[in-house]
Amino acid sequence: MKKHRWIVCGAALGLFLVMVPGIVCAGPTYDRVKETGVVRAGLMYDSIPAAFINEKNEWVGFDIDIAEEVVKRIGGQMEKDLKIERVKVNNKTRISFLTSNQIDVSTANMTHKRERDKTIDFSITYFFDGQKVLAKKGKYSKLEDFVGKRLASMQGTTSEKNAVNLLKKLGDPKADEHVISFQRESDCFLALKQDKVAGWTTDSTILIGYAAKEPGQYELVGDFFSDEPYGMGCSQDDSAWRDSINFALQDMWLDGTYKKIYDKWYGPDTPYYFPLTAKIEVWP
Ligand code: GLU
């Protein structure tokens with residue numbers, strides 16, 4: 001009898017929550033942001049020009065501008081002034097900080113992979129890159145030239161795995177040994193600069209970003225050998241939050257703000273020129 005009463009009470013409470021929209025939970029992240037007015041955004045700091053510390057010691061970049069704009073627009077959707085709290089993440093922490101609830105969104109040149117989707121959710125693709133190899137100028141002309149040589153890449157990235165697969169595909173029997181993993185992008189660049197590796201391989205825009213530090217010294221060799229569609233990482237199963245991010249990105253695309261930010265960082269007048277060749281998915 002007692003059990004029966006609890007079931008009836010539970011059902012009544014459930015019905016009440018569904019019928020009173022103000023009380024219904026949209027999702028833990030969405031609700032917390034709406035309540036606190038703060039979005040904790042995970043951003044890289046060593047990735048030129050996505051998110052890096054410039055010579056004036058300012059933390060700037062494409063991902064930073066995109067994250068700021070997305071947060072502003074989610075504020076518009078919620079009819080609330082939102083503040084962004086920038087949290088430094090790297091290749092290793094950009095997912096774990098989401099799962100441990102230290103950040104609400106990760107805008108961190110992160111490729112949307114099915115494997116990663118088991119742990120976190122992703123927004124629609126907001127940036128389209130692919131992997132290439134950077135080398136000292138004039139030394140190599142094609143990807144096959146790196147067989148039997150050392151390639152640098154960053155730990156915990158898709159680049160690291162793609163590099164091993166590339167060397168294997170090209171017939172390098174020691175592919176695993178030949179991909180040398182470093183913690184950070186800047187470590188990879190230094191290894192290349194000091195000829196400790198023949199090439200550094202990761203997403204092409206990161207390579208372009210670092211190469212621009214020393215114009216004329218480096219070049220991209222060969223063609224793209226992977227697709228790297230970037231999504232904003234968000235916590236698993238919070239569709240209200242993910243929708244707000246997606247709607248913000250789509251609205252930015254539709255009113256030209258996305259293109260403005262893109263051109264600021266990757267346009268023809270920048271040292272990081274990278275033509276925009278795809279469209280952001282827009283739902284009617
Ligand atoms: N986009 C790739 C990834 O998500 C490599 C670049 C990076 O991690 O910084 O693993």
Side-chain angles (χ1 to χ4, degrees), residues 41-53 59-67 86-99 103 105-134 151-167 179-192 197 199-213 220 222-234 236 245 249 262 265-266 272 274 276-278 280:
L43 298 158
M44 308 279 271
Y45 47 91
D46 207 29
S47 189
I48 307 171
F52 64 106
I53 312 290
W59 192 7
V60 294
F62 173 80
D63 271 358
I64 295 198
D65 287 352
I66 291 284
R86 296 177 178 198
V87 180
K88 279 189 178 156
V89 294
N90 57 35
N91 295 317
K92 284 185 170 167
T93 58
R94 60 191 168 179
I95 290 177
S96 62
F97 275 23
L98 276 172
T99 53
I103 54 174
V105 63
S106 203
T107 312
N109 42 259
M110 182 160 60
T111 303
H112 189 167
K113 297 284 286 183
R114 290 186 183 192
E115 187 59 33
R116 291 175 175 162
D117 219 317
K118 290 179 187 160
T119 330
I120 58 166
D121 276 338
F122 283 88
S123 72
I124 52 171
T125 300
Y126 73 94
F127 191 73
F128 308 83
D129 204 347
Q131 189 164 339
K132 282 203 170 185
V133 179
L134 185 75
L151 288 177
S153 203
M154 294 91 70
Q155 267 172 31
T157 62
T158 52
S159 320
E160 192 185 23
K161 290 185 189 153
N162 295 337
V164 174
N165 291 339
L166 172 79
L167 290 182
V179 175
I180 316 293
S181 298
F182 294 87
Q183 295 277 354
R184 305 191 310 173
E185 284 82 351
S186 48
D187 300 333
C188 293
F189 187 59
L190 189 65
L192 176 62
V197 292
W200 168 25
T201 181
T202 185
D203 303 342
S204 75
T205 50
I206 302 175
L207 301 174
I208 293 169
Y210 271 85
K213 280 162 88 90
L220 292 169
D223 215 344
F224 288 107
F225 58 94
S226 76
D227 285 329
E228 304 293 328
Y230 292 1
M232 289 195 176
C234 39
Q236 190 87 299
I245 297 173
L249 285 169
Y262 192 95
W265 292 104
Y266 295 108
Y272 315 117
F274 185 66
L276 181 59
T277 51
I280 282 194

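Every value quoted in this text rests on a predicted model; they were computed, and no experiment measured them. All ligand and atom numbering here is 1-based and tracks the order in the structure. The analysis underlying the following values was restricted to heavy atoms, covering all of them including side chains, and did not include hydrogens, waters or symmetry mates.
If you number the atoms of ligand 1 from 1 as listed, the ones under 4.0 Å from a heavy atom of I206 come out as 6 (C), 9 (O). Interface of E185 with ligand 1, defined as ligand atoms under 4.0 Å from a residue heavy atom, comprises 9 (O). Near R116, meaning under 4.0 Å from any of its heavy atoms, are these atoms of ligand 1: 3 (C), 4 (O), 10 (O). Atoms of ligand 1 found under 4.0 Å from any heavy atom of Y230, numbered from 1 in the order shown, are 1 (N). The atoms of ligand 1 that sit less than 4.0 Å from any heavy atom of M110 are 4 (O). Below 4.0 Å from some heavy atom of M44 lie the following atoms of ligand 1, by number and element: 9 (O). The ligand atoms of ligand 1 that sit less than 4.0 angstrom from a heavy atom of S159 are 5 (C). For ligand 1, the atoms sitting less than 4.0 Å from at least one non-hydrogen atom of T202 are 5 (C), 6 (C), numbered in the order shown with element in parentheses.
The part of N91 lying near ligand 1 is the side chain, judged by heavy-atom distances below 4.0 Å. When non-hydrogen atoms are compared, ligand 1 lies under 4.0 Å from neither the backbone nor the side chain of K113. Under 4.0 Å from ligand 1, not a single heavy atom of K161 appears.
Counting heavy atoms from C-beta outward, F97 and K88 have side chains that stay 4.5 Å or more apart. By the 4.5 Å heavy-atom criterion applied to side chains, N162 and F225 are counted as neighbours. Residues N109 and E228 are not in side-chain contact: their nearest non-hydrogen atoms beyond the backbone lie 4.5 Å or more apart. Between I280 and I124 there is a side-chain heavy-atom pair separated by less than 4.5 Å. With contacts defined as side-chain heavy-atom distances shorter than 4.5 Å, the pair V89/I95 does not qualify. With a 4.5 Å cut-off on side-chain heavy atoms, T111 and R116 count as touching.
Protein heavy atom in closest approach to atom 2 (C) of ligand 1: T158 OG1, 3.1 Å. Atom 1 (N) of ligand 1 has as its closest protein heavy atom D203 OD2, 2.6 Å. Protein heavy atom closest to atom 9 (O) of ligand 1, with residue, atom name and distance, is N109 ND2, 2.6 Å.
Ring geometry for Y272 versus F52: interplanar angle over 60°, hence perpendicular rather than tilted (30 to 60°). Using cut-offs of 30° and 60° for the angle between ring planes, the F189 and Y210 rings count as tilted.
Neither side chain, N91 nor T157, offers a donor N or O lying under 3.5 Å from an acceptor on the other.
The aromatic ring centres of F62 and Y230 sit 6.0 Å or more apart.
Heavy-atom distances between E160 and ligand 1 stay at or above 4.0 Å for every pair. Residue Q131 places no heavy atom under 4.0 Å from ligand 1.
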